[in-house]
Enquirer: 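Can you keep this structure in mind? I'll have questions shortly.
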Amino acid sequence: MLTKRIIPCLDIKDGRVVKGVNFINLRDAGDAVENARFYDKEGADELVFLDITASHEKRKTTIELVNKVAESIFLPFTVGGGIRTIDDIRNLLMAGCDKVSINTAAVKDPQFVKKAARRFGSQCIVVAIDAKCKMNTRKTKKWEVFINGGRTPTGIDAVAWAKKMHLFGAGEILLTSMDYDGTKEGYDIELTRAISEAVDIPVIASGGAGTLDHLYEALTDGKADAVLAASIFHYREYSVRDTKNYLKKKGVAVRL
Amino acid sequence: MIAVIDYGMGNLRSVQKALEVAGARTKVTSCPEDLDKCDKIVFPGVGAFGDAMKELDRLGLIEPLRDAIFDGKPFLGLCLGMQLLFEKSEEAPGVEGLCVLRGDVKRFRGIGLKVPHMGWNNIRKKPGAEILKGVPSGAYMYFVHSYYVKPRDKDAMLTSTDYGINFVSGICKCNVYGLQFHPEKSQALGLKILENFVKL
(Lines give C-alpha, C1' and ligand atoms only; values in the text may rest on other atoms or scores of the structure.)
Protein backbone atom coordinates (compact mmCIF):
# COMPACT_ATOMS: atom_id res chain seq x y z
CA MET A 1 0.00 0.00 0.00
CA LEU A 2 1.24 3.46 -0.87
CA THR A 3 2.20 5.19 2.37
CA LYS A 4 1.73 8.78 3.42
CA ARG A 5 5.00 10.65 3.26
CA ILE A 6 6.64 12.59 6.08
CA ILE A 7 8.86 15.29 4.68
CA PRO A 8 11.17 17.48 6.71
CA CYS A 9 11.65 20.83 5.04
CA LEU A 10 14.89 22.74 5.20
CA ASP A 11 14.81 26.43 4.43
CA ILE A 12 18.23 27.30 3.10
CA LYS A 13 19.88 30.67 3.27
CA ASP A 14 23.48 31.02 2.12
CA GLY A 15 24.08 27.31 2.69
CA ARG A 16 22.57 27.15 6.19
CA VAL A 17 19.23 25.82 7.40
CA VAL A 18 17.02 28.54 8.84
CA LYS A 19 13.42 28.73 9.94
CA GLY A 20 11.16 31.72 10.26
CA VAL A 21 7.73 32.46 11.62
CA ASN A 22 5.18 33.72 9.07
CA PHE A 23 7.94 33.98 6.46
CA ILE A 24 10.10 36.38 8.55
CA ASN A 25 12.25 36.36 11.73
CA LEU A 26 14.78 33.79 10.62
CA ARG A 27 16.50 31.57 13.17
CA ASP A 28 19.54 29.43 12.43
CA ALA A 29 18.88 25.66 12.54
CA GLY A 30 22.19 24.18 11.43
CA ASP A 31 24.22 22.81 8.56
CA ALA A 32 22.22 21.54 5.57
CA VAL A 33 24.21 18.39 4.81
CA GLU A 34 24.22 17.38 8.47
CA ASN A 35 20.48 17.90 8.63
CA ALA A 36 19.93 15.88 5.46
CA ARG A 37 22.03 12.97 6.76
CA PHE A 38 20.22 13.08 10.05
CA TYR A 39 16.79 12.87 8.43
CA ASP A 40 17.91 10.16 6.04
CA LYS A 41 18.93 8.01 9.04
CA GLU A 42 15.74 8.84 10.89
CA GLY A 43 13.58 7.42 8.11
CA ALA A 44 12.24 10.58 6.47
CA ASP A 45 10.45 9.70 3.22
CA GLU A 46 11.76 12.65 1.25
CA LEU A 47 13.42 15.99 1.87
CA VAL A 48 12.55 19.42 0.59
CA PHE A 49 15.03 22.30 0.39
CA LEU A 50 13.66 25.76 -0.08
CA ASP A 51 16.34 28.21 -1.09
CA ILE A 52 15.47 31.58 0.36
CA THR A 53 18.80 33.12 -0.55
CA ALA A 54 17.93 36.55 -1.83
CA SER A 55 20.77 37.43 -4.17
CA HIS A 56 21.28 35.76 -7.49
CA GLU A 57 25.08 35.47 -7.11
CA LYS A 58 24.79 33.40 -3.99
CA ARG A 59 22.63 30.80 -5.75
CA LYS A 60 25.80 29.09 -6.90
CA THR A 61 26.22 28.16 -3.25
CA THR A 62 22.88 26.38 -3.51
CA ILE A 63 24.00 24.31 -6.51
CA GLU A 64 27.11 23.28 -4.59
CA LEU A 65 24.99 22.47 -1.59
CA VAL A 66 22.53 20.38 -3.64
CA ASN A 67 25.50 18.48 -4.95
CA LYS A 68 26.86 17.81 -1.47
CA VAL A 69 23.46 16.70 -0.22
CA ALA A 70 22.95 14.41 -3.23
CA GLU A 71 26.29 12.73 -2.48
CA SER A 72 25.34 12.08 1.13
CA ILE A 73 21.83 10.60 1.00
CA PHE A 74 19.86 7.88 -0.80
CA LEU A 75 16.52 9.55 -0.58
CA PRO A 76 14.45 11.59 -3.01
CA PHE A 77 14.75 15.32 -2.54
CA THR A 78 13.23 18.47 -3.95
CA VAL A 79 14.75 21.91 -4.30
CA GLY A 80 12.74 25.09 -4.66
CA GLY A 81 13.17 28.82 -4.46
CA GLY A 82 13.97 31.35 -7.16
CA ILE A 83 13.69 28.93 -10.08
CA ARG A 84 12.95 30.98 -13.19
CA THR A 85 14.33 29.25 -16.25
CA ILE A 86 14.67 25.85 -17.87
CA ASP A 87 18.41 26.22 -17.28
CA ASP A 88 17.83 26.75 -13.54
CA ILE A 89 15.94 23.46 -13.46
CA ARG A 90 18.56 21.67 -15.52
CA ASN A 91 21.37 22.90 -13.27
CA LEU A 92 19.60 21.76 -10.13
CA LEU A 93 18.71 18.35 -11.56
CA MET A 94 22.26 17.91 -12.80
CA ALA A 95 23.48 18.82 -9.32
CA GLY A 96 21.53 15.83 -8.06
CA CYS A 97 18.07 16.71 -6.83
CA ASP A 98 15.10 14.67 -8.01
CA LYS A 99 12.43 17.32 -8.26
CA VAL A 100 12.22 21.08 -8.41
CA SER A 101 9.55 23.24 -6.91
CA ILE A 102 8.32 26.23 -8.89
CA ASN A 103 6.26 29.04 -7.45
CA THR A 104 6.59 32.66 -8.61
CA ALA A 105 7.81 31.75 -12.09
CA ALA A 106 4.72 29.58 -12.62
CA VAL A 107 2.39 32.50 -11.89
CA LYS A 108 4.36 34.89 -14.05
CA ASP A 109 4.40 32.44 -16.95
CA PRO A 110 2.21 29.33 -16.64
CA GLN A 111 3.64 28.06 -19.94
CA PHE A 112 6.94 27.66 -18.10
CA VAL A 113 5.43 24.77 -16.14
CA LYS A 114 4.21 23.17 -19.34
CA LYS A 115 7.62 23.50 -20.96
CA ALA A 116 9.41 22.20 -17.88
CA ALA A 117 7.11 19.18 -17.58
CA ARG A 118 7.53 18.36 -21.25
CA ARG A 119 11.29 18.66 -21.02
CA PHE A 120 11.99 16.92 -17.72
CA GLY A 121 8.80 14.94 -17.07
CA SER A 122 5.93 15.75 -14.72
CA GLN A 123 7.45 13.57 -12.01
CA CYS A 124 10.09 16.17 -11.26
CA ILE A 125 7.97 19.31 -11.52
CA VAL A 126 6.39 20.36 -8.24
CA VAL A 127 4.29 23.51 -8.22
CA ALA A 128 4.42 25.30 -4.89
CA ILE A 129 1.41 27.35 -3.92
CA ASP A 130 1.48 29.88 -1.08
CA ALA A 131 -2.14 30.61 -0.23
CA LYS A 132 -3.88 32.97 2.14
CA CYS A 133 -7.52 32.87 3.18
CA LYS A 134 -9.86 35.58 2.07
CA MET A 135 -13.57 35.73 2.74
CA ASN A 136 -15.73 36.64 -0.20
CA THR A 137 -19.07 38.43 -0.05
CA ARG A 138 -21.01 35.21 0.53
CA LYS A 139 -18.76 34.49 3.51
CA THR A 140 -17.54 31.28 1.93
CA LYS A 141 -13.85 30.58 2.20
CA LYS A 142 -11.56 31.28 -0.70
CA TRP A 143 -7.80 31.31 -0.82
CA GLU A 144 -5.60 33.64 -2.79
CA VAL A 145 -2.24 32.74 -4.31
CA PHE A 146 0.72 34.85 -3.20
CA ILE A 147 4.13 35.01 -4.83
CA ASN A 148 7.61 36.38 -4.09
CA GLY A 149 7.92 34.49 -0.84
CA GLY A 150 4.46 35.52 0.29
CA ARG A 151 4.93 39.23 -0.31
CA THR A 152 2.85 39.76 -3.44
CA PRO A 153 -0.86 38.96 -3.79
CA THR A 154 -1.92 37.80 -7.25
CA GLY A 155 -5.72 37.80 -7.12
CA ILE A 156 -5.63 34.19 -8.32
CA ASP A 157 -7.87 31.64 -6.62
CA ALA A 158 -5.75 28.84 -5.16
CA VAL A 159 -8.13 25.98 -6.06
CA ALA A 160 -8.50 27.10 -9.68
CA TRP A 161 -4.75 27.61 -9.85
CA ALA A 162 -4.00 24.11 -8.58
CA LYS A 163 -6.31 22.64 -11.24
CA LYS A 164 -4.64 24.65 -13.94
CA MET A 165 -1.16 23.61 -12.84
CA HIS A 166 -2.24 19.97 -12.82
CA LEU A 167 -3.46 20.43 -16.38
CA PHE A 168 -0.19 22.11 -17.36
CA GLY A 169 1.80 19.08 -16.25
CA ALA A 170 2.73 19.61 -12.61
CA GLY A 171 3.39 16.25 -10.97
CA GLU A 172 2.71 17.38 -7.45
CA ILE A 173 1.45 20.37 -5.47
CA LEU A 174 3.32 21.72 -2.46
CA LEU A 175 0.68 23.71 -0.65
CA THR A 176 1.61 26.19 2.08
CA SER A 177 -0.93 28.03 4.16
CA MET A 178 0.44 31.50 4.83
CA ASP A 179 -2.07 32.01 7.60
CA TYR A 180 -0.79 29.00 9.51
CA ASP A 181 2.86 28.83 8.50
CA GLY A 182 5.13 29.00 11.54
CA THR A 183 2.23 29.35 13.98
CA LYS A 184 2.29 25.73 15.17
CA GLU A 185 -1.50 25.82 15.33
CA GLY A 186 -2.01 23.09 12.78
CA TYR A 187 -2.30 22.90 9.00
CA ASP A 188 -5.12 24.68 7.21
CA ILE A 189 -7.27 21.58 6.86
CA GLU A 190 -10.01 23.19 4.78
CA LEU A 191 -7.52 24.58 2.29
CA THR A 192 -5.64 21.29 2.09
CA ARG A 193 -8.82 19.32 1.50
CA ALA A 194 -10.12 21.79 -1.08
CA ILE A 195 -6.92 21.51 -3.14
CA SER A 196 -6.50 17.78 -2.66
CA GLU A 197 -10.04 17.12 -3.87
CA ALA A 198 -9.59 19.42 -6.84
CA VAL A 199 -6.59 17.65 -8.40
CA ASP A 200 -5.59 14.08 -9.20
CA ILE A 201 -1.91 14.61 -8.42
CA PRO A 202 -0.37 14.26 -4.95
CA VAL A 203 -0.65 17.20 -2.55
CA ILE A 204 1.90 17.97 0.16
CA ALA A 205 0.43 19.97 3.05
CA SER A 206 2.69 22.58 4.58
CA GLY A 207 2.58 25.34 7.15
CA GLY A 208 1.46 25.17 10.74
CA ALA A 209 2.59 21.83 12.14
CA GLY A 210 2.99 22.04 15.90
CA THR A 211 1.92 18.64 17.18
CA LEU A 212 1.76 15.15 15.76
CA ASP A 213 -1.99 15.36 15.77
CA HIS A 214 -1.73 18.21 13.27
CA LEU A 215 0.06 15.90 10.87
CA TYR A 216 -2.60 13.26 11.42
CA GLU A 217 -5.39 15.73 10.65
CA ALA A 218 -3.77 16.92 7.43
CA LEU A 219 -3.31 13.35 6.19
CA THR A 220 -6.84 12.25 7.09
CA ASP A 221 -9.33 15.16 7.18
CA GLY A 222 -7.13 17.23 4.87
CA LYS A 223 -6.69 14.31 2.44
CA ALA A 224 -3.05 15.24 1.90
CA ASP A 225 -0.71 12.64 0.42
CA ALA A 226 2.26 13.96 2.34
CA VAL A 227 3.01 16.41 5.13
CA LEU A 228 5.88 18.80 5.28
CA ALA A 229 7.20 20.16 8.54
CA ALA A 230 10.23 22.15 9.55
CA SER A 231 10.54 23.41 13.08
CA ILE A 232 9.04 20.44 14.91
CA PHE A 233 11.81 18.34 13.40
CA HIS A 234 14.71 20.82 13.41
CA TYR A 235 14.42 21.65 17.05
CA ARG A 236 13.99 17.94 17.83
CA GLU A 237 10.59 18.40 19.37
CA TYR A 238 9.61 15.20 17.61
CA SER A 239 11.67 12.73 15.67
CA VAL A 240 10.52 11.44 12.29
CA ARG A 241 10.37 7.99 13.84
CA ASP A 242 8.13 9.14 16.74
CA THR A 243 5.93 10.80 14.18
CA LYS A 244 5.55 7.65 12.13
CA ASN A 245 4.92 5.47 15.16
CA TYR A 246 2.22 7.86 16.27
CA LEU A 247 0.57 7.93 12.86
CA LYS A 248 0.75 4.18 12.53
CA LYS A 249 -0.95 3.70 15.88
CA LYS A 250 -3.75 5.92 14.62
CA GLY A 251 -4.18 3.81 11.50
CA VAL A 252 -2.30 5.86 8.91
CA ALA A 253 -0.17 3.85 6.45
CA VAL A 254 3.44 4.93 6.93
CA ARG A 255 6.79 3.39 6.07
CA LEU A 256 8.57 2.23 9.21
CA MET B 1 32.90 -2.50 -15.17
CA ILE B 2 29.21 -1.61 -15.19
CA ALA B 3 28.08 0.66 -18.00
CA VAL B 4 25.45 3.16 -16.88
CA ILE B 5 23.64 4.21 -20.04
CA ASP B 6 23.32 7.94 -20.51
CA TYR B 7 21.14 9.23 -23.31
CA GLY B 8 21.34 12.82 -22.22
CA MET B 9 18.00 13.23 -20.48
CA GLY B 10 19.04 13.68 -16.89
CA ASN B 11 21.41 13.24 -14.03
CA LEU B 12 22.61 9.71 -13.53
CA ARG B 13 24.88 10.52 -10.64
CA SER B 14 22.55 9.10 -8.00
CA VAL B 15 22.42 5.75 -9.80
CA GLN B 16 26.17 5.79 -10.33
CA LYS B 17 26.84 6.73 -6.71
CA ALA B 18 24.54 3.98 -5.43
CA LEU B 19 26.29 1.38 -7.62
CA GLU B 20 29.68 2.54 -6.35
CA VAL B 21 28.54 2.23 -2.76
CA ALA B 22 27.33 -1.26 -3.70
CA GLY B 23 30.92 -2.06 -4.71
CA ALA B 24 30.91 -1.61 -8.49
CA ARG B 25 33.26 0.13 -10.88
CA THR B 26 31.07 2.19 -13.16
CA LYS B 27 31.18 4.25 -16.30
CA VAL B 28 28.44 6.61 -17.37
CA THR B 29 28.40 6.33 -21.12
CA SER B 30 26.47 6.84 -24.35
CA CYS B 31 29.11 5.12 -26.42
CA PRO B 32 28.10 1.85 -28.19
CA GLU B 33 31.64 0.41 -27.83
CA ASP B 34 31.38 0.56 -24.04
CA LEU B 35 28.46 -1.86 -24.21
CA ASP B 36 30.86 -4.34 -25.71
CA LYS B 37 33.57 -3.80 -23.11
CA CYS B 38 31.47 -3.73 -19.95
CA ASP B 39 30.50 -6.72 -17.80
CA LYS B 40 27.04 -5.48 -16.93
CA ILE B 41 24.64 -2.76 -17.97
CA VAL B 42 22.44 -0.52 -15.88
CA PHE B 43 19.90 1.48 -17.81
CA PRO B 44 18.23 4.23 -15.76
CA GLY B 45 15.29 5.69 -17.61
CA VAL B 46 14.62 9.39 -17.51
CA GLY B 47 11.90 11.29 -19.34
CA ALA B 48 9.29 9.93 -21.72
CA PHE B 49 9.12 6.69 -23.74
CA GLY B 50 9.02 8.32 -27.18
CA ASP B 51 11.84 10.81 -26.53
CA ALA B 52 14.00 8.11 -25.00
CA MET B 53 13.68 5.80 -28.03
CA LYS B 54 14.41 8.74 -30.31
CA GLU B 55 17.59 9.59 -28.39
CA LEU B 56 18.73 5.96 -28.28
CA ASP B 57 18.26 5.80 -32.01
CA ARG B 58 20.17 9.03 -32.58
CA LEU B 59 23.07 7.76 -30.46
CA GLY B 60 23.10 4.45 -32.32
CA LEU B 61 22.46 2.55 -29.10
CA ILE B 62 19.41 0.46 -29.97
CA GLU B 63 21.14 -2.45 -31.71
CA PRO B 64 24.20 -2.51 -29.39
CA LEU B 65 21.85 -2.64 -26.40
CA ARG B 66 19.82 -5.47 -27.86
CA ASP B 67 23.00 -7.33 -28.84
CA ALA B 68 24.46 -7.02 -25.35
CA ILE B 69 21.23 -8.27 -23.81
CA PHE B 70 20.90 -11.20 -26.21
CA ASP B 71 24.57 -12.05 -25.62
CA GLY B 72 23.59 -12.70 -22.01
CA LYS B 73 25.11 -9.68 -20.27
CA PRO B 74 23.38 -8.94 -16.96
CA PHE B 75 21.14 -5.97 -17.64
CA LEU B 76 19.18 -3.89 -15.16
CA GLY B 77 16.60 -1.39 -16.37
CA LEU B 78 15.28 1.14 -13.89
CA CYS B 79 11.90 2.87 -14.14
CA LEU B 80 11.54 3.93 -17.80
CA GLY B 81 14.65 1.84 -18.44
CA MET B 82 12.55 -1.23 -17.67
CA GLN B 83 9.55 -0.02 -19.70
CA LEU B 84 11.72 0.46 -22.78
CA LEU B 85 12.49 -3.26 -22.81
CA PHE B 86 8.94 -3.95 -23.98
CA GLU B 87 7.31 -3.61 -27.38
CA LYS B 88 5.25 -0.47 -27.00
CA SER B 89 3.79 2.04 -24.56
CA GLU B 90 0.58 4.01 -24.28
CA GLU B 91 2.83 6.98 -23.59
CA ALA B 92 4.04 7.02 -27.19
CA PRO B 93 1.63 5.29 -29.60
CA GLY B 94 3.36 4.06 -32.72
CA VAL B 95 6.84 4.07 -31.20
CA GLU B 96 8.55 0.70 -31.00
CA GLY B 97 10.45 -0.10 -27.80
CA LEU B 98 13.56 -2.27 -27.56
CA CYS B 99 11.34 -5.36 -27.96
CA VAL B 100 13.53 -7.50 -25.72
CA LEU B 101 10.49 -8.69 -23.80
CA ARG B 102 6.99 -9.24 -25.08
CA GLY B 103 4.26 -7.10 -23.67
CA ASP B 104 3.40 -3.44 -23.39
CA VAL B 105 3.30 -0.45 -21.08
CA LYS B 106 0.01 0.96 -19.83
CA ARG B 107 -1.08 4.11 -18.06
CA PHE B 108 -2.78 3.97 -14.65
CA ARG B 109 -6.39 4.69 -15.50
CA GLY B 110 -9.65 4.54 -13.62
CA ILE B 111 -8.06 3.29 -10.43
CA GLY B 112 -9.54 6.09 -8.32
CA LEU B 113 -6.10 7.05 -7.07
CA LYS B 114 -3.71 9.86 -7.80
CA VAL B 115 -1.39 9.63 -10.78
CA PRO B 116 1.65 9.69 -10.75
CA HIS B 117 1.98 6.86 -8.29
CA MET B 118 4.47 8.70 -6.11
CA GLY B 119 6.01 7.64 -2.83
CA TRP B 120 6.85 4.51 -0.88
CA ASN B 121 5.00 1.30 -1.59
CA ASN B 122 5.52 -2.40 -0.87
CA ILE B 123 6.90 -4.98 -3.21
CA ARG B 124 5.67 -8.56 -3.04
CA LYS B 125 8.41 -10.78 -4.32
CA LYS B 126 8.59 -14.05 -6.14
CA PRO B 127 10.57 -16.40 -3.92
CA GLY B 128 14.07 -17.45 -4.80
CA ALA B 129 15.31 -14.56 -6.91
CA GLU B 130 19.02 -13.96 -6.28
CA ILE B 131 18.75 -10.24 -6.94
CA LEU B 132 16.30 -9.86 -4.03
CA LYS B 133 18.37 -11.79 -1.51
CA GLY B 134 18.14 -10.07 1.86
CA VAL B 135 15.17 -7.96 0.80
CA PRO B 136 12.01 -9.09 2.60
CA SER B 137 8.71 -9.42 0.78
CA GLY B 138 6.69 -6.36 1.76
CA ALA B 139 9.75 -4.08 1.71
CA TYR B 140 9.08 -0.44 0.89
CA MET B 141 10.57 1.06 -2.26
CA TYR B 142 10.31 4.54 -3.73
CA PHE B 143 8.12 4.85 -6.81
CA VAL B 144 7.36 7.70 -9.14
CA HIS B 145 5.63 6.79 -12.39
CA SER B 146 2.38 7.02 -14.32
CA TYR B 147 2.86 3.94 -16.50
CA TYR B 148 3.39 0.28 -15.65
CA VAL B 149 4.52 -2.77 -17.61
CA LYS B 150 2.33 -5.66 -18.60
CA PRO B 151 4.58 -8.55 -19.63
CA ARG B 152 3.02 -11.16 -21.89
CA ASP B 153 5.17 -13.77 -20.21
CA LYS B 154 3.79 -14.22 -16.69
CA ASP B 155 6.98 -15.92 -15.52
CA ALA B 156 8.88 -12.69 -16.09
CA MET B 157 7.40 -11.20 -12.92
CA LEU B 158 9.92 -10.57 -10.14
CA THR B 159 7.85 -8.35 -7.86
CA SER B 160 4.34 -6.98 -7.83
CA THR B 161 2.83 -3.95 -6.12
CA ASP B 162 -0.70 -2.80 -5.36
CA TYR B 163 -1.86 0.59 -6.50
CA GLY B 164 -5.55 0.38 -7.30
CA ILE B 165 -4.57 -2.65 -9.33
CA ASN B 166 -1.88 -5.24 -8.79
CA PHE B 167 0.89 -4.40 -11.25
CA VAL B 168 4.27 -5.86 -12.09
CA SER B 169 6.85 -3.68 -10.32
CA GLY B 170 9.86 -5.81 -11.11
CA ILE B 171 10.80 -8.27 -13.85
CA CYS B 172 13.41 -10.95 -14.28
CA LYS B 173 13.96 -13.04 -17.39
CA CYS B 174 17.27 -14.86 -17.78
CA ASN B 175 19.91 -12.09 -17.65
CA VAL B 176 17.39 -9.26 -17.90
CA TYR B 177 16.17 -7.44 -14.81
CA GLY B 178 13.89 -4.45 -14.51
CA LEU B 179 12.60 -2.43 -11.59
CA GLN B 180 9.80 0.10 -11.77
CA PHE B 181 10.90 1.69 -8.48
CA HIS B 182 14.12 3.53 -7.75
CA PRO B 183 16.52 1.38 -5.73
CA GLU B 184 18.99 4.30 -5.71
CA LYS B 185 16.43 6.36 -3.81
CA SER B 186 15.15 3.60 -1.56
CA GLN B 187 17.72 3.73 1.22
CA ALA B 188 19.32 0.54 2.61
CA LEU B 189 17.01 -2.04 1.01
CA GLY B 190 17.29 -0.37 -2.39
CA LEU B 191 21.07 -0.43 -2.10
CA LYS B 192 20.87 -4.10 -1.16
CA ILE B 193 19.22 -4.90 -4.53
CA LEU B 194 21.92 -3.01 -6.40
CA GLU B 195 24.58 -4.79 -4.39
CA ASN B 196 23.00 -8.13 -5.34
CA PHE B 197 23.04 -7.11 -8.99
CA VAL B 198 26.69 -6.09 -8.75
CA LYS B 199 27.52 -9.50 -7.27
CA LEU B 200 25.59 -11.55 -9.87
Side-chain angles (χ1 to χ4, degrees), chain A residues 1-7 40-47 66-67 69-77 89-99 117-126 166 169-173 196-197 199-204 223-226 244 253-256, chain B residues 8-22 45-52 79-80 91 108-124 138-147 161-164 181-192 194:
Chain A
M1 180 174 191
L2 184 68
T3 58
K4 300 285 188 180
R5 287 170 283 153
I6 311 301
I7 309 177
D40 184 23
K41 274 207 197 86
E42 264 213 313
D45 295 314
E46 282 187 43
L47 291 176
V66 168
N67 202 277
V69 169
E71 291 292 314
S72 12
I73 61 172
F74 296 99
L75 200 64
F77 76 104
I89 299 177
R90 217 184 90 84
N91 291 340
L92 286 166
L93 292 175
M94 291 314 269
C97 68
D98 301 284
K99 312 179 203 177
R118 201 175 298 146
R119 173 80 188 268
F120 304 106
S122 290
Q123 84 290 337
C124 70
I125 305 299
V126 181
H166 173 199
E172 194 166 35
I173 301 282
S196 197
E197 284 176 347
V199 295
D200 289 328
I201 49 177
V203 173
I204 308 171
K223 300 192 173 181
D225 300 280
K244 289 188 163 183
V254 288
R255 178 182 69 112
L256 275 170
Chain B
M9 303 286 274
N11 182 14
L12 306 176
R13 179 62 196 144
S14 59
V15 173
Q16 187 188 23
K17 178 188 61 161
L19 286 166
E20 282 166 0
V21 169
V46 185
F49 194 96
D51 293 341
C79 199
L80 179 67
E91 191 177 10
F108 285 116
R109 245 185 264 277
I111 53 171
L113 294 168
K114 296 190 171 184
V115 179
H117 170 221
M118 187 186 281
W120 296 81
N121 204 338
N122 314 99
I123 53 167
R124 205 175 302 121
Y140 282 108
M141 297 291 159
Y142 186 79
F143 287 84
V144 50
H145 62 125
S146 302
Y147 296 83
T161 295
D162 289 324
Y163 192 61
F181 49 89
H182 292 269
E184 78 282 9
K185 290 286 162 187
S186 297
Q187 298 193 305
L189 290 175
L191 290 181
K192 181 71 196 160
L194 292 175

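A, B, ... follow the sequence lines: proteins, then strands. Residue 1 opens every chain. When reading the values below, keep in mind they use all heavy atoms of this one structure, side chains included, and skip hydrogens, waters and symmetry mates.
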Enquirer: So how far is it from Gln187(B) CD to Lys41(A) NZ, rounded to the nearest 0.5 Å?
Expert: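 With rounding to 0.5 Å, CD (Gln187(B)) is 11.0 Å from NZ (Lys41(A)).
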
Enquirer: Sort Val203(A) into side chain, backbone, both or neither according to what part of it lies under 4.5 angstrom from a heavy atom of chain B.
Expert: both

Enquirer: So what's closer than 4.5 Å to chain B heavy atoms on Leu75(A): side chain, backbone, both or neither?
Expert: both

Enquirer: Roughly how far apart are His182(B) NE2 and Gln123(A) CD, rounded to 0.5 Å?
Expert: 7.5 Å

Enquirer: Taking everything shown except Lys17(B) itself, do over 12 heavy atoms lie less than 6.0 Å from its NZ?
Expert: yes

Enquirer: Can you tell which of Tyr140(B), Phe143(B), Tyr142(B), Trp120(B) has the highest number of heavy-atom pairs within less than 4.5 Å of chain A?
Expert: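 Among Tyr140(B), Phe143(B), Tyr142(B), Trp120(B), the one with the most close pairs to chain A is Trp120(B).
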
Enquirer: Report which part of His145(B) has an atom under 4.5 Å of a heavy atom belonging to chain A: side chain, backbone, both, or neither.
Expert: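 Contact with chain A is absent: no heavy atom of His145(B) under 4.5 Å.
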
Enquirer: Highest number of heavy-atom pairs under 4.5 Å with chain B: which of Leu2(A), Ile201(A), Asp200(A)?
Expert: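 Of the candidates given, the most pairs with chain B belong to Leu2(A).
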
Enquirer: Between Ser186(B) and chain A, which part of the residue has a heavy atom less than 4.5 Å away: side chain, backbone, both or neither?
Expert: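 Contact with chain A: backbone only.
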
Enquirer: Between Arg13(B) and Glu71(A), is there a side-chain N and carboxylate O pair less than 4.0 Å apart?
Expert: yes

Enquirer: Quick one: is the NZ or CZ of Lys185(B) closer than 6.0 Å to the six-membered ring centre of Phe77(A), and within 45° of its axis?
Expert: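 No, cation not above the ring by the 6.0 Å, 45° rule.
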
Enquirer: Restricting to non-hydrogen atoms, name the atom on Pro116(B) and the atom on Pro202(A) that form the minimum distance, rounded to 0.1 Å.
Expert: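 Minimum heavy-atom separation between Pro116(B) and Pro202(A): O-CG, 4.0 Å.
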
Enquirer: Select one option (side chain, backbone, both, neither) describing which atoms of Asp225(A) are under 4.5 Å from chain B's heavy atoms.
Expert: side chain

Enquirer: What option among Asp162(B), Asn122(B), Leu12(B), Val144(B) has the most heavy-atom pairs under 4.5 Å with chain A?
Expert: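 Maximum pair count with chain A is reached by Asn122(B).
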
Enquirer: For Ala253(A), is it the side chain, the backbone, both or neither that has a heavy atom under 4.5 Å from a heavy atom of chain B?
Expert: neither

Enquirer: Does any backbone or side-chain atom of Ala48(B) lie under 4.5 Å from a heavy atom of chain A? Answer side chain, backbone, both or neither.
Expert: neither

Enquirer: Which bit of Glu184(B) is near chain A, if near means a heavy-atom gap under 4.5 Å: side chain, backbone, both or neither?
Expert: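 Just the backbone, heavy atoms under 4.5 Å.
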
Enquirer: Give, as side chain, backbone, both or neither, the part of Arg5(A) having an atom under 4.5 angstrom from any heavy atom of chain B.
Expert: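 Only the side chain of Arg5(A) comes within 4.5 Å of chain B.
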
